[in-house]
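Comments concern the structure below.
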Amino acid sequence: MRFVCFFNQFNYLLVNTTARELNRRSMACSRYEYVKKYEQDDTILPNVWIVIRIDGKKFHKFSKTHNFEKPNDENALNVMNAAATAVMQEFRDVVLAFGQSDEYSFVFRKDTAAFKRRSAKLLTYVTSLFSTSYVMQWTKWMSVPLAYAPCFDGRVVLYPSNENLRDYLSWRQADVHVNNLYNTAFWKLVLESGFSNQKAEERLRGTLSADKNELLFQEFGLNYNNLPAMYRKGTILLRKRVISSGDNDEKGRQAIVQLHEDLISSHFWKSHTEILGKYVPGTYKASEILPRLVKLQLSTKQEQKQEKQEEQKNPENLAGIS
């Protein structure tokens with residue numbers, strides 16, 4: 001008798017569950033579903049390098065509002081670097097990122113399957129994550145309060161060959177040199193020689209790189225090559241195993257490291273073969289004083305590790321039992 005009652009109850013539950021599931025399906029497959037046909041297929045071609053470049057929107061106004069140091073503000077650049085680091089931590093398929101001024105480029109592996117290689121998904125995720133991370137990182141680097149949230153646009157560009165990718169990155173780094181040399185000369189004339197913006201533009205109009213270098217040296221005693229490499233070459237972000245002095249782990253701890261090297265030269269690519277080859281993070285031998293961006297990452301990982309160990313020691317706390 002008990003078995004018969006149990007069977008009837010089970011049959012009742014099965015019938016009702018099946019009915020609800022069929023009802024859900026019929027609702028999903030309603031007569032309105034045809035509108036999905038208007039969605040465009042934006043799947044990215046296979047076996048190509050995917051580059052997503054983000055650019056600040058109206059950053060001239062933004063930098064003026066927040067009183068950025070001219071021609072370069074180290075802390076403001078590090079906010080960009082920290083936001084880009086957050087993107088690389090989220091997307092392990094990003095093998096390299098390159099940034100300068102208010103822009104950053106993220107290079108995805110050729111074989112990435114992130115978001116099924118859907119262009120709109122990748123673009124919107126990277127752009128929104130970078131934007132929100134920029135806001136979250138602001139107080140860690142800047143002394144002035146954030147007056148309003150910045151805005152970034154983005155684009156997806158595909159490169160079929162390694163040579164195309166290297167040429168793209170070389171183009172962006174060459175752009176750093178051209179812009180920074182001009183801006184350095186321009187702001188020297190404005191801030192130290194008392195030129196108006198218009199007069200400074202007129203003075204530099206038609207000048208070549210050699211002319212600007214000569215102006216900086218002769219009039220201001222500045223050797224352009226002695227400026228910090230981050231200003232002259234931009235920032236390269238790579239995933240590495242950081243080995244620091246006194247570290248007990250011989251394999252090192254993985255982190256995103258910032259480099260300021262000449263990626264136009266072949267030496268860079270020979271030194272970081274993991275970018276174009278089999279992607280296994282290389283090693284980064286840190287000095288006694290870790291770069292702040294790396295130190296922040298490693299300290300966060302250490303805190304997360306300690307929290308996990310505490311949870312394993314006291315599993316009852318997970319249930320809210322003290």
Side-chain angles (χ1 to χ4, degrees), residues 50-91 94 96-108 122-157 168-188 190-191 197 200-201 204 227-238 256 258-261 263 291-293:
I50 302 173
V51 175
I52 295 180
R53 185 168 84 244
I54 61 94
D55 289 281
K57 178 73 171 177
K58 295 183 179 179
F59 248 66
H60 177 75
K61 175 186 174 183
F62 183 83
S63 62
K64 187 175 182 180
T65 300
H66 294 91
N67 197 28
F68 283 10
E69 186 178 342
K70 302 294 185 182
N72 294 289
D73 189 308
E74 181 180 1
N75 289 327
L77 290 173
N78 277 321
V79 177
M80 293 285 293
N81 295 337
T85 297
V87 173
M88 286 192 70
Q89 289 174 324
E90 179 71 15
F91 288 97
V94 174
L96 177 149
F98 179 75
Q100 57 139 331
S101 186
D102 64 341
E103 75 167 55
Y104 242 100
S105 296
F106 299 94
V107 180
F108 283 77
L122 285 169
L123 178 61
T124 53
Y125 199 132
V126 169
T127 307
S128 61
L129 177 58
F130 186 94
S131 301
T132 53
S133 297
Y134 187 98
V135 173
M136 296 295 290
Q137 292 292 331
W138 180 268
T139 55
K140 294 180 182 179
W141 302 91
M142 304 296 290
S143 58
V144 297
L146 189 63
Y148 61 92
C151 183
F152 296 87
D153 62 41
R155 71 198 70 188
V156 178
V157 190
Y168 167 79
L169 293 169
S170 297
W171 169 50
R172 299 321 303 144
Q173 189 168 64
D175 192 62
V176 179
H177 167 70
V178 172
N179 290 337
N180 189 64
L181 179 58
Y182 180 90
N183 289 334
T184 301
F186 177 87
W187 286 108
K188 280 288 183 182
V190 172
L191 299 177
N197 287 7
E201 289 175 2
L204 296 174
L227 289 176
M230 178 165 64
Y231 303 161
R232 296 181 289 108
K233 298 180 180 181
T235 299
I236 304 162
L237 297 181
L238 295 177
I256 311 300
Q258 60 184 74
L259 306 174
H260 311 291
E261 300 179 1
L263 56 71
R292 187 182 173 197
L293 191 60

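The basis for the numbers below is simple: all heavy atoms, side chains too, and nothing from hydrogens, waters or symmetry mates.
The two residues L191 and K70 have their closest heavy-atom pair at CD1-O, 4.1 Å.
Between V176 and F98 the shortest side-chain heavy-atom distance falls below 4.5 Å. Contact check for L263 versus I236: side-chain heavy atoms found under the 4.5 Å cut-off. The closest side-chain heavy-atom distance from I52 to V87 is not below 4.5 Å. No side-chain heavy atom of E74 sits under 4.5 Å from any side-chain heavy atom of W141. Side-chain contact between V144 and W138 is present, with heavy atoms from C-beta onward closer than 4.5 Å.
The aromatic rings of F186 and Y182 lie parallel to each other, their planes meeting at an angle below 30°, with 60° marking the opposite boundary.
Defined by atom type and a distance below 3.5 Å, a donor-acceptor pair is present between the side-chain atoms of N78 and N81. A donor-acceptor contact under 3.5 angstrom links the side chains of S105 and Y168, judged on distance only.
K233 meets the salt bridge (charged side-chain N to carboxylate O under 4.0 Å, His left out) test with no other residue; sequence neighbours excluded.
The side chain to side chain contact (heavy atoms under 4.5 Å, CB included) test with V79 is passed by exactly one of M136, M142, K140: M142.
Taking the six-membered ring for Trp and the full ring otherwise, the centers of F68 and H60 sit at least 6.0 Å from each other. F152 and Y104 have their aromatic ring centers separated by at least 6.0 angstrom.
Side-chain atoms of H66 come within 3.5 Å of backbone N or O of A147 as a donor-acceptor pair. Put simply, the side chain of Q173 gets close to the backbone of E261: a donor and an acceptor are under 3.5 Å apart.
Identified under the salt bridge (Lys or Arg N to Asp or Glu O under 4.0 Å) test for residues 168-186, with sequence neighbours left out: E103-R172, R172-D175.
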